[in-house]
Participant: 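One structure, pasted below without further comment.
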Number of protein chains: 2
Amino acid sequence: MPQKTKKKEVKPTKKVTKDSVYDIAIIGGGVVGFAAAMYAGRFRMKTILFGDKMGGVIVTTDVVENYPGFKHLTGQELADKVREHAMDYEVEMEEELVSNIEKNKDIFKITAESGRTVNAKTVLFATGTKWRKLGVPGEEQFANRGVHYCALCDGSFFKGKAIGLVGGSDSAAKDALVLTQYGKKVYIIYRGEQIHPEPVNMERVQQKIKEGKIEIINHTNVKEIKGDKFVKSVILDKPYKGKNEFPLDALFVAIGHIPLSDLAVKLGVKVDIKKEIIIDRTSSTNVPGVYAAGDVVDTKFKQAITGVGEAVSAVYSAYTYIGEQSSKRK
Amino acid sequence: MPQKTKKKEVKPTKKVTKDSVYDIAIIGGGVVGFAAAMYAGRFRMKTILFGDKMGGVIVTTDVVENYPGFKHLTGQELADKVREHAMDYEVEMEEELVSNIEKNKDIFKITAESGRTVNAKTVLFATGTKWRKLGVPGEEQFANRGVHYCALCDGSFFKGKAIGLVGGSDSAAKDALVLTQYGKKVYIIYRGEQIHPEPVNMERVQQKIKEGKIEIINHTNVKEIKGDKFVKSVILDKPYKGKNEFPLDALFVAIGHIPLSDLAVKLGVKVDIKKEIIIDRTSSTNVPGVYAAGDVVDTKFKQAITGVGEAVSAVYSAYTYIGEQSSKRK
């Protein structure tokens, strides 16, 4: 059986690589995950990072002006900088979604969508969030055909058009501002009394209102999205200018995000009512060896910089945990 | 009395400025304070920052490689970047030490060393730390004449000399590495078994040991510092190479820092046994309206980036606190 022998000759190296245990598996390829990888690399931890789409949600942001040290850059640029910083150290990065994580004794078995599995002593969830959907008729049907979630990615399709934007947060306001670069007019449709962006962005919105580029329709919800091949109108739950059906060429939905905490929950990690992972000041969860940082956690004020700080604390916690575990075994 | 009238004509504007209440007074002019000022500026808060020496302790650091996004820069460069970022917004910065802070009802009265007073609705302590001293005979006497605390500031005085360095932390190791650029040899004097820098710096120290540029004297304390006009030797509590008196041209002390929390304590802010200000995840202290961030707080793993994250959380907490207070008054 020469073939078998041949296989055996090759296998050991591969097997060693496969079986060797990573110190930390970072789940998430955004700035938070990258910052964690950089620190883990500095700590000489054997590190692997899995990211679905490298860069994370921040690459959908046109302008980042609030990461201390960088006055003004795009989300893509910031993500690239932190990623390159991490790549200065010995860390593996895999552009793959993780489909499952199991804990066997003290070791986590991480399975990627490709079927690849790796073992790790600790896991850091830096999985972030996905867009929250309106959940109204027409939303699925017209997805990417007038219904969009990323103003920066898809805004340019609607040059000179009438664009609706649902939401009232700082992100929503920033999206509306991005959309004014393309649309004839942007209608912010908000369920409450007043949108509530950061003051600096509120001022920018007010300027655009003066210029006739933004109009706010408050106390109003979108009930339905209508069209043929593409979006033609939305049905509002309150008449606007006398009519419930309001013509629009596109509707951007900016009503927040859903934390991507399902894999963590399966591991027994506690989440709050919003499904955000509950961490303490050391970025530890209730499960030993499991840490979390960034948009997926229960921090009230979530910014790139606060997530990055949490990531650094998490890596330090993982590092000390591994030290404690190995001294227990001695 | 024309003079008096004249004065009266000028005074009102000044008085309005003096009496007008700041939303936030940031005490401390390091990266943490600057990041806070930047965010406060973004929030359109009326902001004043007091710093003793602008830049803070990080400017005494030669190499910063662990602020995510910047692969490699000096502490001074990082401090300048974050300071310039803050200056993009409307924030006042005063290069002055604060000598007292009192709380009268909901308003804090901050007195600077010059006697100037300002009122603020919230206070953020980003005061950092000062060098910890050995507390041995000769330390005061030879201060700045062979006894030093900042390797980067004062190392170059000792080109080709025998330099001692007391300490075993990551900072101590980094200082020792800086000193090898100048000294003939650097002797790390450490009370414990093994120095414990970050692995990346441990490797660098080991390389220098191989090169004969660093030697570690462990399980040893400095009992006394001796000399004439300048340091000539130190007395060790254990013989080294058969002698307790060890000839040295300089002794750098890198045994940690003392948190600058005295003003906070006077305000009733709780500190831990190390005198570090106790904060929660929102960077709030036990005193309403008082926040803290950075090296002065009780975070275990203190880095520039974690302090900056805390600063951002603190400003958000102050911002929401002011909102709650003003709605209470309505």
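Atom set for the values below is all heavy atoms of this structure, side chains included, hydrogens, waters and symmetry mates excluded.
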Participant: Residues of residues 47-59 of chain B under 4.5 Å from chain A (heavy atom pairs)?
Facilitator: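 Checking residues 47-59 of chain B against chain A gives no residue, so none.
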
Participant: Take a 6.0 Å sphere around NZ of B:Lys81 and say whether it holds more than 12 heavy atoms from other residues, nucleotides or ligands.
Facilitator: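 For B:Lys81, atom NZ is not crowded (no more than 12 foreign heavy atoms under 6.0 Å).
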
Participant: Heavy-atom distances under 4.5 Å only: say whether B:Asp280 touches chain A with side chain, backbone, both or neither.
Facilitator: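 Only the backbone of B:Asp280 comes within 4.5 Å of chain A.
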
Participant: For chain B, which candidate among A:Ser313, A:Gly309, A:Gly69 shows the most heavy-atom pairs at distances under 4.5 Å?
Facilitator: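 Highest number of heavy-atom pairs under 4.5 Å: A:Gly69.
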
Participant: Relative to chain A, which segment of B:Thr299 carries a heavy atom at a distance below 4.5 Å: side chain, backbone, both, or neither?
Facilitator: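 Answer is both: backbone and side chain atoms of B:Thr299 are under 4.5 Å from chain A.
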
Participant: Name the option with the most non-hydrogen atom pairs under 4.5 Å to chain B; the candidates are A:Phe301, A:Phe34, A:Phe43.
Facilitator: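 Option with the top pair count is A:Phe301.
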
Participant: I'd like to check the side-chain hydrogen bond (donor to acceptor under 3.5 Å, both in side chains) partners of B:Tyr39; sequence neighbours left out, ordered by chain and number.
Facilitator: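 A:Asn66, A:Gln303.
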
Participant: So what's closer than 4.5 Å to chain A heavy atoms on B:Ile279: side chain, backbone, both or neither?
Facilitator: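 Backbone plus side chain of B:Ile279, per the 4.5 Å heavy-atom cut-off to chain A.
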
Participant: Mind ranking A:Glu84, A:Glu65, A:Met45 by heavy-atom pairs under 4.5 Å with chain B and telling me who comes out on top?
Facilitator: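 Option with the greatest count: A:Glu65.
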
Participant: Check whether more than 12 heavy atoms from other residues, nucleotides or ligands sit under 6.0 Å from atom CD of B:Glu90, and answer yes or no.
Facilitator: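 Open: at most 12 neighbouring heavy atoms sit under 6.0 Å from CD of B:Glu90.
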
Participant: Rounded to the nearest 0.5 Å, how far apart are OG1 of A:Thr320 and NZ of B:Lys300?
Facilitator: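 Here the interatomic distance stands at 6.5 Å.
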
Participant: Could you check if a side-chain atom of A:Tyr319 sits within less than 4.5 angstrom of a side-chain atom of B:Pro199, using non-hydrogen atoms only?
Facilitator: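 Touching, per the 4.5 Å side-chain cut-off.
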
Participant: Measure distances from B:Glu203 to the heavy atoms of chain A and classify the residue's part below 4.5 Å as side chain, backbone, both or neither.
Facilitator: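 Looking at B:Glu203, just its side chain touches chain A.
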
Participant: Considering non-hydrogen atoms only, spot the tightest contact between A:Val308 and B:Pro68 and give its length.
Facilitator: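 That would be CG1-CG, 3.5 Å.
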
Participant: For a quick test of reading the model, state the closest non-hydrogen atom pair linking B:His85 to A:Lys71 and the distance between them.
Facilitator: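 Shortest heavy-atom separation between B:His85 and A:Lys71 comes out as NE2-CA, 3.6 Å.
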
Participant: Once rounded to the nearest 0.5 Å, what's the spacing between atom CD of A:Glu310 and atom CD1 of B:Ile305?
Facilitator: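 So the CD of A:Glu310 and the CD1 of B:Ile305 are separated by 11.5 Å.
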
Participant: What part of B:Tyr89 lies closer than 4.5 angstrom to a heavy atom of chain A: side chain, backbone, both or neither?
Facilitator: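 The answer is the side chain of B:Tyr89.
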
Participant: If you round to the nearest 0.5 Å, how far is OH of A:Tyr67 from CE of B:Met38?
Facilitator: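 Taking CE in B:Met38 and OH in A:Tyr67, the distance rounds to 10.5 Å.
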
Participant: Parallel, tilted or perpendicular for B:Phe70 and A:Phe70, by the 30°/60° rule?
Facilitator: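 Because their plane-to-plane angle is under 30°, the rings of B:Phe70 and A:Phe70 count as parallel.
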
Participant: Specify which of B:Asn201, B:Leu78, B:Val82 makes the most heavy-atom pairs with chain A at under 4.5 Å.
Facilitator: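 Of the options given, most contacts go to B:Val82.
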
Participant: Between chain A and each of B:Asp88, B:Val31, B:Asp80, count heavy-atom pairs under 4.5 Å; write down the option with the most.
Facilitator: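 With the most close heavy-atom pairs to chain A, the winner is B:Asp88.
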
Participant: Measuring heavy-atom distances to chain A, does B:Asp170 have an atom under 4.5 Å in its side chain, in its backbone, in both, or in neither?
Facilitator: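 Neither part; nothing is under 4.5 Å.
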
